[in-house]
Amino acid sequence: MTAKQELTIRLSTENLKFLKRFAREHGLTATEVLGRYLTRLREASIEQPAHPRVESISGLVPSDLEARTSHMKHLAKKHG
């Protein structure tokens with residue numbers, strides 16, 4: 001069995017209510033929900049080859065693009 005430790009975290013009231021409701025609705029504890037989420041994050045962070053379609057479009061959007069600003073300019077131009 002994996003050793004366990006305690007951790008105190010601070011969440012917004014909104015997030016805490018959501019966490020408790022989600023856990024209750026799924027028959028879990030808040031600790032189980034957070035633990036499962038962190039496990040998935042850890043597993044996803046292990047480098048895995050990207051799907052070929054993702055690889056084919058990677059790098060097409062400039063990293064310094066301000067998406068929101070660009071979209072707003074596009075809408076202003078399109079709709080006058």
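Below, all heavy atoms of this structure are taken into account, side chains as well, without hydrogens, waters or symmetry copies.
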- Partner residues of Leu38 under the side-chain contact (heavy atoms from CB on, under 4.5 Å) criterion, sequence neighbours left out: Leu41
- Message: Could you check whether atom CD of Glu14 has more than 12 heavy atoms from other residues, nucleotides or ligands sitting under 6.0 Å from it?
- Response: no
- Task: Give the minimum heavy-atom separation between Ala23 and Ala30, together with the two atoms involved.
- Result: CB-N, 3.8 Å
- Any residue meeting side-chain contact (heavy atoms from CB on, under 4.5 Å) with Thr69, in chain and number order, not counting sequence neighbours: Glu66, Lys73
- Hits for ring-ring contact (aromatic ring centres under 6.0 Å, His included) against Phe22, two or more places apart or cross-chain, chain-then-number order -> Phe18, His26
- Item | Atom pair CG (Leu19) and CD1 (Ile9), whose distance is rounded to the nearest 0.5 Å | 7.0 Å
- Task: Supply the atom-to-atom distance Thr39 OG1 to Glu32 CD, rounded to the nearest 0.5 angstrom.
- Result: 11.5 Å
- Listed by chain and number, what are the side-chain contact (heavy atoms from CB on, under 4.5 Å) partners of His71, not counting sequence neighbours? His74, Leu75
- Note on the structure: Residues passing the side-chain contact (heavy atoms from CB on, under 4.5 Å) test with Ser56, sequence neighbours excluded, are none
